[in-house]
Trainee: 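Mind looking over this structure? Questions follow.
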Number of protein chains: 2
Amino acid sequence: MSNLVMTSDQILASARNFIVAGGYNGFSYADIAGEVGIRKASIHHHFPSKVDLVRTLVAHHRERTEVSMADLESKVPDPLALLRTYAGYWAKCIEDASMPFCVCALLASELPALPPEVAVEVRAYFRFLSSWLTKVMHRGAEQGVLKFVGSAELEAETFMATVHGAMLSARAYGNPAIFDAILTPTVQRLSAKVH
Amino acid sequence: MSNLVMTSDQILASARNFIVAGGYNGFSYADIAGEVGIRKASIHHHFPSKVDLVRTLVAHHRERTEVSMADLESKVPDPLALLRTYAGYWAKCIEDASMPFCVCALLASELPALPPEVAVEVRAYFRFLSSWLTKVMHRGAEQGVLKFVGSAELEAETFMATVHGAMLSARAYGNPAIFDAILTPTVQRLSAKVH
DNA sequence: GTTTGTATACCTACTAGAAGGTAGGTAAAG
DNA sequence: CTTTACCTACCTTCTAGTAGGTATACAAAC
């Protein structure tokens, strides 16, 4: 049983890496089998179809993100510090190449060609992230630690867009540092202090 | 000859639509053949390999973008209006679904899995767009029509990231309006007037 | 405490179809 | 009579997915 969980986790981790590199159609069961060290048919034992595999992967990713965010909120109460920590988390993932792109952002880019079951999960991730950021923006404005012109919703959407776009630029330039170069001033601009 | 050009243009247009929907591995020669109304082998007559086809497509896209931008600069001299027009162009493409995503942005997202010949062209597009936006930012600051804290380069990178991220959000939400909702205030924020 | 049943985790071997690509032919235009 | 634009027919490799087998573990039944 513990062996099962290990292998299925290895399959999910391998699939995540492949998707982050090349999207839904950028990998095959044979690729994963080669990396994990099992046979193609064994992957079908854990995940009957490719759709099952990727749907599970995205659902788990969203659930883990939800837990991480709740965790972060309790540890880092200040909304500005929260945004800094969030941006810093991605900066680290990109810089050490452990997760050079958000798996959901990549899948979202090919959303029209995605199996519907996967598309649903991807949209759910975006909705969660957007609502979480909106909450943070709202709280920051209330506490007077964040300052912006539009609504909290709009500011959250703009922030999320900048994060995803900065990931893309880091990849296009082959320069991880550009992510932090964009995000640090973007977070700073939201600060109510100095200016 | 004119018949040839027409067909090869149809092939490129079809390939562009497929890539915009699902990326490099999201379509096949059979898909294009079906859409254009010719046989698979005929595509190989115009483009010997898939790499040739996509490399040509991206190269043409960059060249046309370069011409369009030069054109735009002569018609719209004001840097702020230039940014507004650029954002408005994409807003229109997304809203009428004629080009709901930038083909180079999509390919950039799967850059690590792309054939090197294609990757080179995609990076060239990003470098061009970045340098063009930097030029616009620089000129805008000189003329006193644009105002920002960091360097023109950084502001250009941030703007480009926001554009690409806003495209992604529009796609993820299935809501074209979110692009304009993000971009209009983003451009406005760069204006030296009012605030 | 063997035996028997059942589930898990993997395997080899296979299938049908789709992938990119080739060989070689035809019809028309210059 | 050569080039262009297209075709049919084919090839090889890869694709997701299936069928059916084996080894192991952990039970309950005798």
Side-chain angles (χ1 to χ4, degrees), chain A residues 1-19 21-58 60 107 110 112-119 121, chain B residues 1-58 60 106-107 110 112-119 121:
Chain A
M1 186 69 184
S2 74
N3 200 354
L4 177 147
V5 171
M6 261 184 65
T7 303
S8 90
D9 283 354
Q10 274 180 280
I11 292 167
L12 287 170
S14 176
R16 198 203 62 185
N17 290 340
F18 276 119
I19 290 174
Y24 186 84
N25 293 303
F27 75 102
S28 70
Y29 269 39
D31 292 325
I32 294 178
E35 233 193 35
V36 175
I38 55 173
R39 301 294 166 148
K40 258 178 31 173
S42 306
I43 304 174
H44 284 283
H45 168 68
H46 294 279
F47 305 98
S49 73
K50 197 179 181 181
V51 170
D52 283 310
L53 170 57
V54 180
R55 186 175 31 75
T56 305
L57 171 63
V58 176
H60 282 199
L107 288 172
E110 46 193 22
L114 242 40
E117 300 95 320
V118 177
E121 294 293 338
Chain B
M1 185 69 181
S2 75
N3 201 352
L4 176 147
V5 170
M6 263 184 63
T7 304
S8 91
D9 283 353
Q10 275 180 280
I11 292 167
L12 287 170
S14 175
R16 199 204 62 184
N17 290 340
F18 276 119
I19 291 174
V20 163
Y24 186 85
N25 293 303
F27 75 103
S28 71
Y29 269 38
D31 291 326
I32 296 178
E35 232 192 37
V36 174
I38 54 174
R39 301 293 167 151
K40 255 177 36 172
S42 305
I43 305 173
H44 284 283
H45 169 68
H46 294 279
F47 304 98
S49 75
K50 197 179 182 182
V51 170
D52 283 310
L53 169 58
V54 181
R55 186 175 31 74
T56 304
L57 171 64
V58 177
H60 282 199
L106 210 153
L107 289 171
E110 47 193 21
L114 243 40
E117 300 95 321
V118 177
E121 294 293 339

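By convention in this document, chain letters (A, B, ...) are assigned in the order of the sequence lines, proteins followed by strands, and residues within each chain are numbered from 1.
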Trainee: In whole angstrom, what separates A/Asp52's CG from D/dA16's P?
Mentor: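 From A/Asp52 CG to D/dA16 P: 14 Å.
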Trainee: Over all strands shown, is A/Phe47 touching base, sugar-phosphate only, or nothing at heavy-atom distances under 4.0 angstrom?
Mentor: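 Nothing, no nucleic acid heavy atom in range.
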Trainee: Pick from A/Leu53, A/Ile19, A/Leu107: which one makes a side chain to side chain contact (heavy atoms under 4.5 Å, CB included) with A/Val58?
Mentor: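 The single option meeting the side chain to side chain contact (heavy atoms under 4.5 Å, CB included) with A/Val58 is A/Leu107.
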Trainee: Regarding A/Ser42, tell me which of base, sugar-phosphate or nothing describes its non-hydrogen contacts under 4.0 Å with the strands shown.
Mentor: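 Base contact.
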Trainee: Tell me: CE of B/Met6 to C1' of D/dC6, nearest whole Å?
Mentor: 14 Å
Trainee: Which residues pass the side chain to side chain contact (heavy atoms under 4.5 Å, CB included) test with A/Ser42, not counting sequence neighbours?
Mentor: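 In terms of side chain to side chain contact (heavy atoms under 4.5 Å, CB included), with neighbours along the sequence ignored, A/Ser42 is linked to A/Ile38, A/Arg39.
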Trainee: Rounded to whole angstroms, how far apart are CZ on A/Arg39 and P on C/dC14?
Mentor: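 Result: 14 Å.
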Trainee: I want to verify a distance call: between D/dA16, C/dG21, C/dC11, whose nearest atom is closest to the A/Lys50 side chain?
Mentor: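 Nearest nucleotide to the side chain: D/dA16.
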Trainee: Can you tell me how far CD1 of A/Ile32 sits from CZ of A/Phe27, rounded to the nearest 0.5 angstrom?
Mentor: 4.5 Å
Trainee: Counting side-chain heavy atoms from CB outward, which of C/dG21, C/dC11, D/dT8 is closest to B/Lys40?
Mentor: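 The nucleotide sitting nearest to the side chain is C/dG21.
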Trainee: Let's see if you can work this out: which of D/dA19, C/dT8, D/dC6 has an atom nearest to the side-chain heavy atoms of A/His45?
Mentor: C/dT8
Trainee: Check for a donor-acceptor pair, side chain of B/Thr56 on one end and backbone N or O of B/Asp52 on the other, with a separation under 3.5 Å.
Mentor: yes
Trainee: From the set D/dT18, C/dG20, D/dA9, return the single nucleotide nearest to any side-chain atom of A/His44.
Mentor: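 Closest nucleotide among those given: D/dT18.
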Trainee: Rounded to the Å, how far apart are A/Tyr29 OH and C/dA19 C1'?
Mentor: 19 Å
Trainee: May I ask you to verify if any side-chain N or O of A/His46 is less than 4.0 angstrom from the OP1 or OP2 atom of C/dT8?
Mentor: no
Trainee: Picking from D/dT4, D/dT15, C/dA19, which would you name as closest to the side chain of A/Ala30?
Mentor: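 Side chain of A/Ala30 sits closest to D/dT15.
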Trainee: Within less than 4.0 Å of OP1 or OP2 of C/dA18, is there a side-chain N or O belonging to B/Ser28?
Mentor: no
Trainee: Could you state the atom-to-atom distance from CG of B/Asp31 to C1' of C/dG17 in whole Å?
Mentor: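 That distance rounds to 14 Å.
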Trainee: State, with a plain yes or no, whether a side-chain heavy atom of A/Asp31 is found less than 4.5 Å away from one of A/Ser28.
Mentor: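 Contact flag for A/Asp31/A/Ser28 side chains = yes.
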Trainee: B/Ile32 has an atom CD1; how far is it from atom C1' of D/dC6, in whole Å?
Mentor: 16 Å
